Amino acid sequence: MLVHTIAEVREKIKEWKKEGLTVGLVPTMGALHSGHKSLIEKSVEKCDRTVVSVFVNPIQFCPGEDLEKYPRTLEADEKLCTEAGVDIVFAPSPKEMYGEGHIMSSDFLTYVIPPYFYVDKLCGKSRTGHFDGVCTVVNKLFNIVQPDFAFFGEKDRQQLIILKKMVKDLNIPVEIVPCPIIREESGLALSSRNKYLSEEDKKHALALSKILFNIKACYDKGINDVSSLTETAYSYLSEHHELEYLEFRDADDLEEKVNADDNTIVFIALKVANVRLIDNIALR
(Lines give C-alpha, C1' and ligand atoms only; values in the text may rest on other atoms or scores of the structure.)
Protein backbone atom coordinates (compact mmCIF):
# COMPACT_ATOMS: atom_id res chain seq x y z
CA MET A 1 0.00 0.00 0.00
CA LEU A 2 1.60 3.25 -1.19
CA VAL A 3 0.63 6.39 0.73
CA HIS A 4 1.86 9.96 0.49
CA THR A 5 0.29 11.72 3.48
CA ILE A 6 0.86 11.68 7.21
CA ALA A 7 -2.90 11.46 7.82
CA GLU A 8 -3.16 8.19 5.86
CA VAL A 9 -0.32 6.62 7.83
CA ARG A 10 -1.73 7.71 11.17
CA GLU A 11 -5.15 6.34 10.32
CA LYS A 12 -3.69 2.92 9.57
CA ILE A 13 -1.39 2.97 12.63
CA LYS A 14 -4.40 3.76 14.82
CA GLU A 15 -6.19 0.67 13.51
CA TRP A 16 -3.14 -1.54 14.12
CA LYS A 17 -2.59 -0.25 17.64
CA LYS A 18 -6.25 -0.95 18.49
CA GLU A 19 -5.66 -4.54 17.37
CA GLY A 20 -2.56 -4.78 19.56
CA LEU A 21 -0.22 -5.30 16.59
CA THR A 22 3.50 -4.51 16.72
CA VAL A 23 4.83 -2.09 14.12
CA GLY A 24 8.28 -2.02 12.52
CA LEU A 25 9.70 0.98 10.66
CA VAL A 26 12.46 0.93 8.06
CA PRO A 27 13.42 4.54 7.22
CA THR A 28 15.06 4.88 3.78
CA MET A 29 15.81 7.45 1.10
CA GLY A 30 14.73 5.01 -1.59
CA ALA A 31 16.82 3.54 -4.42
CA LEU A 32 16.38 0.31 -2.50
CA HIS A 33 18.87 -2.55 -2.84
CA SER A 34 19.56 -5.87 -1.14
CA GLY A 35 20.88 -4.07 1.94
CA HIS A 36 17.55 -2.34 2.45
CA LYS A 37 15.77 -5.60 1.68
CA SER A 38 17.61 -7.29 4.55
CA LEU A 39 16.31 -4.61 6.95
CA ILE A 40 12.79 -5.03 5.60
CA GLU A 41 12.93 -8.81 5.96
CA LYS A 42 14.02 -8.47 9.59
CA SER A 43 11.11 -6.14 10.27
CA VAL A 44 8.59 -8.41 8.54
CA GLU A 45 9.93 -11.36 10.52
CA LYS A 46 9.92 -9.56 13.88
CA CYS A 47 6.81 -7.36 13.65
CA ASP A 48 3.14 -7.82 12.84
CA ARG A 49 3.16 -4.86 10.46
CA THR A 50 5.98 -3.08 8.60
CA VAL A 51 6.19 0.48 7.30
CA VAL A 52 8.97 1.54 4.91
CA SER A 53 9.48 5.26 4.43
CA VAL A 54 10.90 6.41 1.09
CA PHE A 55 11.93 10.04 1.42
CA VAL A 56 14.96 11.88 0.05
CA ASN A 57 15.36 14.15 3.04
CA PRO A 58 16.52 17.62 1.89
CA ILE A 59 17.64 18.85 5.30
CA GLN A 60 20.35 16.20 5.68
CA PHE A 61 22.13 17.21 2.48
CA CYS A 62 24.85 19.82 2.80
CA PRO A 63 25.52 22.57 0.21
CA GLY A 64 27.09 21.11 -2.92
CA GLU A 65 25.97 17.54 -2.19
CA ASP A 66 23.92 15.33 -4.52
CA LEU A 67 20.35 16.18 -3.45
CA GLU A 68 19.09 16.84 -6.98
CA LYS A 69 20.76 13.84 -8.60
CA TYR A 70 20.23 11.38 -5.74
CA PRO A 71 18.60 8.31 -7.36
CA ARG A 72 14.81 8.23 -7.09
CA THR A 73 13.21 4.91 -8.08
CA LEU A 74 9.85 4.87 -6.30
CA GLU A 75 8.12 2.42 -8.66
CA ALA A 76 10.90 -0.16 -8.25
CA ASP A 77 11.08 0.54 -4.52
CA GLU A 78 7.35 -0.09 -4.10
CA LYS A 79 7.65 -3.37 -6.03
CA LEU A 80 10.52 -4.58 -3.82
CA CYS A 81 8.58 -3.66 -0.69
CA THR A 82 5.39 -5.35 -1.84
CA GLU A 83 7.24 -8.56 -2.68
CA ALA A 84 8.97 -8.46 0.72
CA GLY A 85 5.67 -8.22 2.61
CA VAL A 86 5.64 -4.53 3.54
CA ASP A 87 2.25 -3.20 4.63
CA ILE A 88 2.78 0.52 3.95
CA VAL A 89 5.26 2.37 1.76
CA PHE A 90 5.19 5.96 3.00
CA ALA A 91 6.53 8.30 0.31
CA PRO A 92 5.83 11.90 1.38
CA SER A 93 6.88 15.07 -0.38
CA PRO A 94 9.15 17.62 1.35
CA LYS A 95 6.08 19.87 1.66
CA GLU A 96 4.17 17.09 3.43
CA MET A 97 7.03 16.54 5.89
CA TYR A 98 8.07 20.13 6.52
CA GLY A 99 5.29 22.36 5.30
CA GLU A 100 5.65 25.53 3.29
CA GLY A 101 8.55 27.90 3.66
CA HIS A 102 12.30 27.76 4.01
CA ILE A 103 12.70 24.14 5.02
CA MET A 104 16.47 24.21 4.64
CA SER A 105 16.87 26.87 7.33
CA SER A 106 16.77 26.29 11.07
CA ASP A 107 15.37 29.82 11.32
CA PHE A 108 12.04 28.40 10.10
CA LEU A 109 12.09 24.79 11.26
CA THR A 110 12.46 23.06 14.62
CA TYR A 111 15.51 20.79 14.45
CA VAL A 112 16.67 17.92 16.68
CA ILE A 113 20.34 18.61 17.40
CA PRO A 114 22.44 15.64 18.57
CA PRO A 115 25.38 16.14 20.99
CA TYR A 116 28.36 17.92 19.45
CA PHE A 117 30.73 15.23 20.76
CA TYR A 118 29.02 12.67 18.51
CA VAL A 119 28.92 14.78 15.34
CA ASP A 120 32.21 16.72 15.28
CA LYS A 121 34.08 13.71 13.86
CA LEU A 122 34.01 11.21 11.00
CA CYS A 123 31.23 12.12 8.53
CA GLY A 124 30.05 15.00 10.69
CA LYS A 125 33.37 16.80 10.30
CA SER A 126 32.88 17.39 6.57
CA ARG A 127 29.06 17.34 6.51
CA THR A 128 28.10 20.16 8.86
CA GLY A 129 24.45 19.89 9.85
CA HIS A 130 23.97 16.46 8.26
CA PHE A 131 23.15 14.66 11.49
CA ASP A 132 20.83 17.47 12.58
CA GLY A 133 18.81 16.69 9.46
CA VAL A 134 18.96 12.94 10.07
CA CYS A 135 17.82 13.19 13.69
CA THR A 136 15.06 15.64 12.79
CA VAL A 137 13.54 13.50 10.05
CA VAL A 138 13.89 10.24 12.00
CA ASN A 139 12.27 11.83 15.06
CA LYS A 140 9.40 13.01 12.84
CA LEU A 141 9.02 9.53 11.36
CA PHE A 142 8.95 8.04 14.86
CA ASN A 143 6.18 10.48 15.80
CA ILE A 144 4.20 9.73 12.63
CA VAL A 145 4.54 5.93 12.60
CA GLN A 146 4.91 5.27 16.35
CA PRO A 147 6.87 2.07 15.70
CA ASP A 148 7.75 -0.48 18.34
CA PHE A 149 10.95 -1.28 16.44
CA ALA A 150 13.06 0.66 13.93
CA PHE A 151 15.64 -1.03 11.71
CA PHE A 152 18.91 0.63 10.67
CA GLY A 153 21.94 -0.73 8.82
CA GLU A 154 25.37 -0.82 10.42
CA LYS A 155 26.98 0.60 7.27
CA ASP A 156 25.94 4.03 8.54
CA ARG A 157 27.36 3.19 11.96
CA GLN A 158 27.92 6.77 13.16
CA GLN A 159 24.29 7.52 12.29
CA LEU A 160 23.17 4.39 14.15
CA ILE A 161 25.09 5.36 17.31
CA ILE A 162 23.71 8.91 17.18
CA LEU A 163 20.12 7.71 16.71
CA LYS A 164 20.44 5.30 19.64
CA LYS A 165 21.66 8.25 21.73
CA MET A 166 18.71 10.39 20.58
CA VAL A 167 16.19 7.69 21.47
CA LYS A 168 17.73 7.24 24.91
CA ASP A 169 18.03 10.94 25.71
CA LEU A 170 14.53 11.88 24.48
CA ASN A 171 12.83 8.82 26.00
CA ILE A 172 11.38 7.76 22.66
CA PRO A 173 9.53 4.44 23.09
CA VAL A 174 11.12 2.60 20.17
CA GLU A 175 13.75 -0.13 20.08
CA ILE A 176 16.53 0.47 17.56
CA VAL A 177 17.48 -2.78 15.81
CA PRO A 178 20.98 -2.72 14.22
CA CYS A 179 21.33 -4.83 11.07
CA PRO A 180 24.60 -6.13 9.54
CA ILE A 181 26.25 -4.61 6.47
CA ILE A 182 25.30 -6.41 3.27
CA ARG A 183 28.13 -6.72 0.74
CA GLU A 184 28.54 -7.73 -2.86
CA GLU A 185 30.54 -10.93 -3.41
CA SER A 186 33.56 -8.71 -4.05
CA GLY A 187 33.28 -7.25 -0.54
CA LEU A 188 31.97 -3.84 -1.59
CA ALA A 189 29.32 -2.61 0.86
CA LEU A 190 25.95 -2.05 -0.81
CA SER A 191 24.97 1.61 -1.14
CA SER A 192 22.51 3.59 -3.24
CA ARG A 193 25.45 5.74 -4.32
CA ASN A 194 27.13 2.72 -5.91
CA LYS A 195 24.86 3.49 -8.88
CA TYR A 196 27.17 6.40 -9.66
CA LEU A 197 30.14 4.03 -10.14
CA SER A 198 31.28 2.42 -13.37
CA GLU A 199 32.50 -1.19 -13.27
CA GLU A 200 36.07 0.11 -13.26
CA ASP A 201 35.26 2.52 -10.44
CA LYS A 202 33.81 -0.37 -8.42
CA LYS A 203 37.14 -2.18 -8.66
CA HIS A 204 38.87 0.86 -7.18
CA ALA A 205 36.14 1.12 -4.52
CA LEU A 206 37.13 -2.31 -3.20
CA ALA A 207 39.97 -0.53 -1.40
CA LEU A 208 37.55 0.30 1.44
CA SER A 209 36.67 -3.28 2.32
CA LYS A 210 40.18 -4.58 1.63
CA ILE A 211 41.63 -2.04 4.07
CA LEU A 212 39.07 -2.91 6.74
CA PHE A 213 39.36 -6.67 6.34
CA ASN A 214 43.15 -6.46 6.51
CA ILE A 215 43.04 -4.33 9.66
CA LYS A 216 40.70 -6.87 11.23
CA ALA A 217 43.05 -9.72 10.27
CA CYS A 218 46.02 -7.87 11.78
CA TYR A 219 44.08 -7.17 14.97
CA ASP A 220 43.10 -10.83 15.21
CA LYS A 221 46.81 -11.67 15.07
CA GLY A 222 47.43 -9.52 18.13
CA ILE A 223 48.32 -6.09 16.72
CA ASN A 224 46.35 -3.40 18.57
CA ASP A 225 48.45 -0.26 18.10
CA VAL A 226 46.30 2.10 16.04
CA SER A 227 49.27 3.73 14.29
CA SER A 228 50.55 0.35 13.13
CA LEU A 229 47.11 -0.78 12.00
CA THR A 230 46.58 2.48 10.11
CA GLU A 231 49.89 2.04 8.25
CA THR A 232 48.62 -1.21 6.74
CA ALA A 233 46.02 0.74 4.75
CA TYR A 234 48.27 2.76 2.50
CA SER A 235 49.31 -0.10 0.23
CA TYR A 236 45.69 -0.34 -0.96
CA LEU A 237 45.44 3.33 -1.96
CA SER A 238 46.35 4.83 -5.34
CA GLU A 239 45.77 7.92 -7.44
CA HIS A 240 42.18 6.71 -7.87
CA HIS A 241 41.44 7.28 -4.18
CA GLU A 242 40.92 10.42 -2.13
CA LEU A 243 41.03 9.31 1.51
CA GLU A 244 38.89 11.46 3.81
CA TYR A 245 39.42 9.55 7.05
CA LEU A 246 40.46 6.22 8.54
CA GLU A 247 39.74 6.25 12.26
CA PHE A 248 39.39 3.92 15.23
CA ARG A 249 36.46 4.82 17.50
CA ASP A 250 34.61 3.40 20.49
CA ALA A 251 31.51 1.44 19.50
CA ASP A 252 29.34 3.15 22.13
CA ASP A 253 30.33 6.83 22.20
CA LEU A 254 32.72 7.32 19.24
CA GLU A 255 35.64 8.29 21.46
CA GLU A 256 38.95 8.00 19.62
CA LYS A 257 41.09 4.94 20.36
CA VAL A 258 44.86 4.90 20.80
CA ASN A 259 44.91 1.14 21.20
CA ALA A 260 42.28 -0.99 19.50
CA ASP A 261 40.19 -3.40 21.56
CA ASP A 262 37.08 -5.55 21.10
CA ASN A 263 34.83 -2.49 21.45
CA THR A 264 36.51 -0.67 18.56
CA ILE A 265 34.94 0.22 15.21
CA VAL A 266 37.21 1.13 12.30
CA PHE A 267 35.61 3.79 10.10
CA ILE A 268 36.71 4.76 6.60
CA ALA A 269 35.52 7.31 4.02
CA LEU A 270 37.06 7.94 0.63
CA LYS A 271 36.13 9.21 -2.80
CA VAL A 272 36.35 7.20 -6.00
CA ALA A 273 35.56 9.08 -9.21
CA ASN A 274 34.29 11.90 -6.99
CA VAL A 275 31.74 9.56 -5.35
CA ARG A 276 31.98 9.60 -1.56
CA LEU A 277 31.84 6.10 -0.06
CA ILE A 278 31.86 4.96 3.56
CA ASP A 279 32.39 1.64 5.30
CA ASN A 280 33.30 0.29 8.73
CA ILE A 281 34.15 -2.88 10.58
CA ALA A 282 33.86 -4.01 14.21
CA LEU A 283 37.04 -5.54 15.61
CA ARG A 284 35.21 -7.75 18.14
Side-chain angles (χ1 to χ4, degrees), residues 35 38 114-128 130-131 134 152-165 176-194 196-197 200-284:
S38 72
Y116 184 70
F117 181 81
Y118 285 73
V119 301
D120 70 336
K121 51 186 65 72
L122 303 171
C123 289
K125 190 182 295 185
S126 63
R127 305 186 72 192
T128 303
H130 167 71
F131 289 113
V134 169
F152 293 90
E154 290 180 336
K155 188 179 81 68
D156 297 299
R157 180 98 61 162
Q158 184 179 14
Q159 169 182 283
L160 176 61
I161 292 169
I162 288 170
L163 291 174
K164 287 170 72 175
K165 174 70 171 167
I176 301 288
V177 181
C179 301
I181 297 170
I182 304 299
R183 300 180 181 277
E184 296 182 4
E185 285 187 18
S186 63
L188 181 65
L190 294 184
S191 168
S192 298
R193 288 188 170 93
N194 289 355
Y196 300 153
L197 301 173
E200 188 64 25
D201 294 335
K202 282 189 175 184
K203 293 178 183 177
H204 299 311
L206 291 178
L208 287 93
S209 56
K210 287 179 178 178
I211 286 169
L212 295 177
F213 294 157
N214 186 57
I215 287 174
K216 177 70 163 65
C218 291
Y219 175 77
D220 289 343
K221 291 177 181 177
I223 301 172
N224 68 352
D225 176 66
V226 165
S227 297
S228 300
L229 291 169
T230 301
E231 284 295 322
T232 68
Y234 295 110
S235 63
Y236 295 95
L237 299 175
S238 71
E239 70 275 8
H240 300 287
H241 305 110
E242 182 183 337
L243 182 65
E244 182 179 323
Y245 63 72
L246 174 63
E247 298 187 18
F248 294 68
R249 297 279 175 174
D250 185 86
D252 298 316
D253 63 9
L254 296 174
E255 187 170 359
E256 190 168 12
K257 296 280 192 177
V258 176
N259 292 301
D261 57 30
D262 286 353
N263 203 45
T264 298
I265 308 294
V266 187
F267 293 86
I268 187 170
L270 59 77
K271 285 185 178 179
V272 174
N274 212 35
V275 178
R276 186 178 184 275
L277 303 170
I278 63 172
D279 202 345
N280 68 82
I281 197 167
L283 294 186
R284 63 179 180 276

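In this chain, residues are counted from 1 in sequence order. In this text, all values refer to a predicted model and were calculated from it rather than measured experimentally.
The side-chain hydrogen bond (donor to acceptor under 3.5 Å, both in side chains) check on Asn274 picks up nothing, with sequence neighbours excluded. By the side-chain hydrogen bond (donor to acceptor under 3.5 Å, both in side chains) test, Asp252 pairs with Asn263, sequence neighbours left out. Here Lys155 pairs with nothing under the salt bridge (charged side-chain N to carboxylate O under 4.0 Å, His left out) rule; sequence neighbours left out. By the side-chain hydrogen bond (donor to acceptor under 3.5 Å, both in side chains) test, Ser126 pairs with Glu244, sequence neighbours left out. Applying the salt bridge (charged side-chain N to carboxylate O under 4.0 Å, His left out) rule to Arg193 yields the partners Asp66; only residues at least two apart in sequence or on another chain are considered.
Between Val272 and His241, the closest heavy-atom pair is CG2-CD2, 3.9 Å. Considering all non-hydrogen atoms of both residues, Ala260 and Val226 come closest at N-CG2, 3.9 Å. The shortest non-hydrogen separation linking Cys218 to Leu229 is CB-CD2, 3.6 Å. Nearest heavy-atom pair across Ala251 and Ile161 is O-CD1, 3.3 Å. Here the closest heavy-atom approach between residue Ser209 and residue Gly187 is recorded as CB-O, 3.3 Å. Of all the heavy atoms in Leu197 and Ala205, the pair that sits closest is CD1-CB, 4.2 Å.
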*I would like to know whether Leu246 and Ile211 meet side chain to side chain contact (heavy atoms under 4.5 Å, CB included); could you show each step before the answer?*
CA-CA 9 Å; Leu246 174 63; Ile211 286 169; 4.3 Å; yes
*Can you check side chain to side chain contact (heavy atoms under 4.5 Å, CB included) on Glu247 and Val266, steps first, answer last?*
CA-CA 6 Å; Glu247 298 187 18; Val266 187; over 6 Å; no
_Show, in sequence, the C-alpha distance, side-chain angles and deciding distance for Leu283 and Lys216, and conclude whether the side chain to side chain contact (heavy atoms under 4.5 Å, CB included) test is met._
CA-CA 6 Å; Leu283 294 186; Lys216 177 70 163 65; 3.8 Å; yes
*Report the C-alpha distance between Asn224 and Tyr219 in whole Å, list the side-chain angles of each, state the deciding distance to 0.1 Å, and finish with yes or no for side chain to side chain contact (heavy atoms under 4.5 Å, CB included).*
CA-CA 6 Å; Asn224 68 352; Tyr219 175 77; 4.2 Å; yes
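Rounded to the nearest 0.5 angstrom, Ile223 CD1 and Ile215 CD1 are separated by 10.5 Å. Atom NZ of Lys210 sits about 14.0 Å away from atom OG1 of Thr232, to the nearest 0.5 Å. Put simply, CD on Glu256 and CG on Leu122 are 9.0 Å apart, with the number rounded to the nearest 0.5 Å. Taking CG of Leu243 as the reference point, atom OH of Tyr236 lies at 14.5 Å (rounded to 0.5 Å). Of the inter-residue distances, the one linking Ile268 atom CD1 with Leu212 atom CG reads 5.5 Å to the nearest 0.5 angstrom. In this structure, CG on Asp279 lies 10.0 Å from CG on Asp156, to the nearest 0.5 angstrom.
Looking only at distances, a side-chain donor or acceptor of Asn194 sits under 3.5 Å from a matching main-chain atom of Ala189. At distances below 3.5 Å, at least one donor-acceptor pair connects side-chain atoms of Gln158 with backbone N or O atoms of Cys123.
Relative orientation of the His240 and His204 rings is parallel, given thresholds of 30° and 60° on the angle between their planes.
Two residues are said to be in side-chain contact when any heavy atoms from C-beta on lie closer than 4.5 Å; Pro115 and Lys165 meet this criterion.
The list of ring pair (Phe, Tyr, Trp, His ring centres under 6.0 Å) pairs with a residue in residues 245-278, not counting sequence neighbours, is empty.
Remark: of the listed residues Arg249, Arg157, Glu154, Arg157 is the sole one forming a side-chain hydrogen bond (donor to acceptor under 3.5 Å, both in side chains) with Asn280.
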